[in-house]
There are 2 protein chains.
Amino acid sequence: MTTKRRNNSQDVADLARVSQASVSRAFTLGASISAKTKMKILAAAAKLDYQPNIIARSLSKSQSGLVGILFANWDHPKAAEILKGLCEAITEKGFKPVVQSANTTESVDKAFNDFLSYQVDGVIVFSMSPSANMSALCFRSNIPIVLLNHSTPGINASVVTIDSTKVGRQIGNAVLERCYKRITIISSDAHSQVFSGISDALAETVSQAAGTEIISQLTGIHGYEAGFQAIIDLWAEVIKPDVIVCTSDYTALGILAGCRHKLGIRVPEDLCVIGLGDIPASGWKDHDLSTIKIPHDELVKKTVTTLISKIETQSMEPENLKLEAKLILRGTIKNL
Amino acid sequence: MTTKRRNNSQDVADLARVSQASVSRAFTLGASISAKTKMKILAAAAKLDYQPNIIARSLSKSQSGLVGILFANWDHPKAAEILKGLCEAITEKGFKPVVQSANTTESVDKAFNDFLSYQVDGVIVFSMSPSANMSALCFRSNIPIVLLNHSTPGINASVVTIDSTKVGRQIGNAVLERCYKRITIISSDAHSQVFSGISDALAETVSQAAGTEIISQLTGIHGYEAGFQAIIDLWAEVIKPDVIVCTSDYTALGILAGCRHKLGIRVPEDLCVIGLGDIPASGWKDHDLSTIKIPHDELVKKTVTTLISKIETQSMEPENLKLEAKLILRGTIKNL
DNA sequence: AGTAGCATTGCAAGCGTATACATTTTTCGA
DNA sequence: TCGAAAAATGTATACGCTTGCAATGCTACT
């Protein structure tokens with residue numbers, strides 16, 4: 001079987017008895033072409049199964065219509081939702097998402113080189129720890145770049161994230177109102193800006209009331225099993241917290257399991273547990289975990305619109321956007 | 001600020017004092033070029049930050065190196081894992097994944113037209129119900145297409161899926177060995193081939209022993225809440241099952257919650273619950289759900305290697321590959 | 001009718017690379 | 001050392017599209 005060549009604009013032009021340029025114009029929004037010939041051309045195109053070759057168009061216009069997504073944080077409980085949102089928003093804006101997975105530094109560099117090779121018009125990064133190197137690469141090539149959710153100090157790129165200071169205050173107030181006294185904060189990543197934002201604001205808020213304080217901060221604890229173990233360890237201490245704030249719902253659920261099935265700790269009477277992320281399981285009757293609901297949808301949309309506007313205005317100016325997250329009170333915190 | 005043009009192969013050629021063709025060769029694996037000049041060219045390229053323009057290469061070679069992923073089944077509990085696996089495997093093979101999300105028929109068609117415009121070299125579809133239309137489109141354009149996990153009767157494309165017949169037999173044998181008698185099967189989609197495969201094989205297996213049978217099949221039930229409600233409804237019937245096989249872990253967990261927290265049904269003594277998917281929560285101590293572990297990793301890898309080999313051999317011959325899934329016995333089925 | 005002004009169309013030159021073919025250089029055996 | 005074969009390089013063209021510019025067709029006004 002001989003692979004038949006795909007029809008091109010010249011074929012359509014021949015059939016419609018017009019010039020190739022006119023065919024191009026027929027498929028270019030807002031181009032100078034009469035309704036009559038456009039009609040004629042579209043008919044011919046349909047007959048030939050013609051689709052403009054975007055690769056050629058990209059070459060000619062020297063912009064690919066591609067947006068690179070560097071996705072590293074696959075463990076995020078809402079990874080699928082986020083990626084879906086990104087892809088859909090990008091598509092809706094008339095671009096196409098090219099997804100690269102990367103964890104190691106080398107693979108990040110490789111991914112970025114690939115992006116450059118593919119002449120992507122912009123890049124979105126979803127990683128716990130974006131590297132400064134990549135923003136430099138983008139800068140050198142004049143490619144706008146937006147970080148979703150996590151930034152790194154000193155990185156030269158736009159960031160869309162939640163307002164962790166406000167979150168910290170919300171938690172602080174909720175804790176104060178209910179007269180809890182001793183707070184422990186548990187995080188997977190000690191350098192996360194979300195973590196430090198919450199932690200700082202929480203500390204400041206509770207410092208206004210005497211007798212309430214953050215008694216410990218544990219980092220490097222990540223996931224259900226680790227949470228289960230963490231609460232066992234914590235309960236072996238002399239001074240036990242009566243509030244645990246956890247920067248991951250999974251970890252919080254592990255803690256809860258430890259409380260209920262192993263240690264017999266009464267939640268929320270003796271211990272208040274607050275997670276982050278509002279994964280589906282948190283809402284299940286078995287768990288009923290209080291948590292922070294992050295507006296992923298908005299984060300994602302904002303990320304994309306920010307990027308696209310940068311692409312269209314050719315702007316490389318870094319922006320810093322913060323959206324609000326909401327504390328959801330469920331069974332793991334006392335009722336007022 | 002004037003946007004400076006990206007350096008091209010001619011610039012490199014000038015700097016290295018060779019022809020543009022040589023530069024091209026330096027970046028083409030296995031091309032006829034001496035080590036010395038290659039070295040010289042690579043040095044010049046590095047100095048100019050040169051990266052071959054893949055768009056131009058694509059145009060010239062008339063193959064884009066792009067693989068389209070049509071992703072519809074975002075609700076799948078392992079959606080992120082699957083997409084990650086696809087992207088990584090595709091990248092590893094030297095291609096780039098372009099991801100499109102689609103639910104409605106129109107958006108599927110639109111996505112496919114976009115794929116054609118972008119001259120993708122192949123397409124992978126992850127959807128509960130792939131449309132025959134899209135395989136036709138691909139066929140017409142000579143683009144290989146592989147379906148992951150779910151096929152549709154009469155569709156003309158390669159499929160990589162699990163061997164649901166074997167799964168059905170495994171469940172059947174486990175049920176027989178433990179002297180359970182009355183089986184109910186719950187599925188979200190009545191037309192799923194995985195569902196019917198399991199169901200048929202299960203029916204056949206248990207039919208070998210007198211007194212054991214499938215007493216009901218419920219379809220259209222999907223998710224935790226629906227499962228919770230389903231068990232309540234089931235328990236209002238006169239004849240109650242003592243085995244529930246569920247084609248989704250989430251639904252199974254809802255059922256479990258209903259049993260334990262609402263109806264007080266003893267699991268596994270009075271009721272055996274088996275899910276499908278082995279999501280993380282199924283392994284948690286709170287749930288300890290018996291389930292079918294689907295080898296997503298292998299499915300994904302097989303899907304990609306199948307597609308790539310089709311791309312490379314220009315083959316449009318549909319293949320049908322089945323991988324084995326394993327029954328994992330946990331606390332929701334009697335110990336032998 | 002004549003013509004200025006605008007809308008439409010055609011022409012042709014890129015966009016950056018790959019590659020067939022021609023030409024030059026190198027290799028290696030006799 | 002010479003010459004044929006092999007390797008390396010250069011030349012020129014194609015890939016399919018966009019777009020500046022020139023040419024043409026049309027409108028409406030005097």
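Protein atom CZ of A/R57 is 9 Å distant from nucleotide atom P of D/dC17, rounded to whole Å. At whole-Å resolution of the value, CG in B/N8 and P in C/dC15 are 8 Å apart. Atom pair A/R6:CZ and D/dC15:P shows a separation of 15 Å (rounding to whole Å applied). Atom NZ of A/K61 is separated from atom C1' of C/dG14 by 15 Å (rounded to the nearest Å). Protein atom CG of A/D11 is 10 Å distant from nucleotide atom C1' of D/dG16, rounded to whole Å. A straight line from CZ of A/R5 to C1' of D/dC17 spans 14 Å, rounded to a whole angstrom. Taking atom CE on B/M39 and atom P on D/dA8, their separation rounds to 13 Å, with Å as the unit. The interatomic distance linking B/I41 (CD1) with D/dA8 (P) rounds to 12 Å, in whole Å.
Side-chain nitrogen and oxygen atoms of A/N53 include none within less than 4.0 Å of the OP1 or OP2 phosphate oxygen of D/dG16. When the side-chain nitrogen and oxygen atoms of A/Y50 are compared with OP1 and OP2 of D/dC17, one or more of them lie within a distance under 4.0 Å. For the pair B/S60 and D/dA14, the criterion of a side-chain N or O lying under 4.0 Å from OP1 or OP2 is not met. Residue A/S34 has a polar side-chain atom (N or O) positioned under 4.0 Å from OP1 or OP2 of C/dT9.
Under the 6.0 Å cut-off for aromatic ring centres, A/H150 and A/H76 do not qualify, their centroids lying 6.0 Å or more apart.
Nucleic acid contact for B/S24: base, since at least one base atom lies under 4.0 Å from a heavy atom of the residue. Note on A/S22: only backbone sugar-phosphate atoms sit closer than 4.0 angstrom, heavy atoms only; bases stay farther off. Counting any heavy atom pair closer than 4.0 Å across all strands shown, B/I33 reaches sugar-phosphate atoms only and no base atom. Within 4.0 Å of A/V18, counting heavy atoms only, lie sugar-phosphate atoms of the nucleic acid but no base atom. Contacts of A/T37 with the nucleic acid, taken as non-hydrogen atoms under 4.0 Å apart, involve only primed sugar atoms and P, OP1 or OP2.
Nearest-nucleotide assignment on DNA chain D puts the 5′-proximal partner with A/I54, out of A/R25 and A/I54. Annotation: of the two residues near DNA chain D, B/A31 and B/Q20, the 5′-most nearest-nucleotide partner is B/A31.
Scanning both residues, A/S22 and A/I33, for their nearest heavy atoms gives O-CD1, 3.6 Å.
Taking the side chain as every heavy atom from C-beta outward, B/S62 and B/Q119 never approach each other to under 4.5 Å. Two residues are said to be in side-chain contact when any heavy atoms from C-beta on lie closer than 4.5 Å; A/T105 and A/N133 fail this criterion. A heavy-atom distance below 4.5 Å is not found between the side chains of A/F115 and A/L137.
Put simply, the side chain of A/S62 and the base of C/dG16 share no donor and acceptor less than 3.5 Å apart.
Remark: the backbone N or O of B/N8 is paired with a side-chain donor or acceptor of B/D11 at under 3.5 angstrom.
When each of C/dG10, D/dT11, D/dC15 is scored by its nearest atom to the side-chain atoms of A/S19, the top-ranked nucleotide is C/dG10.
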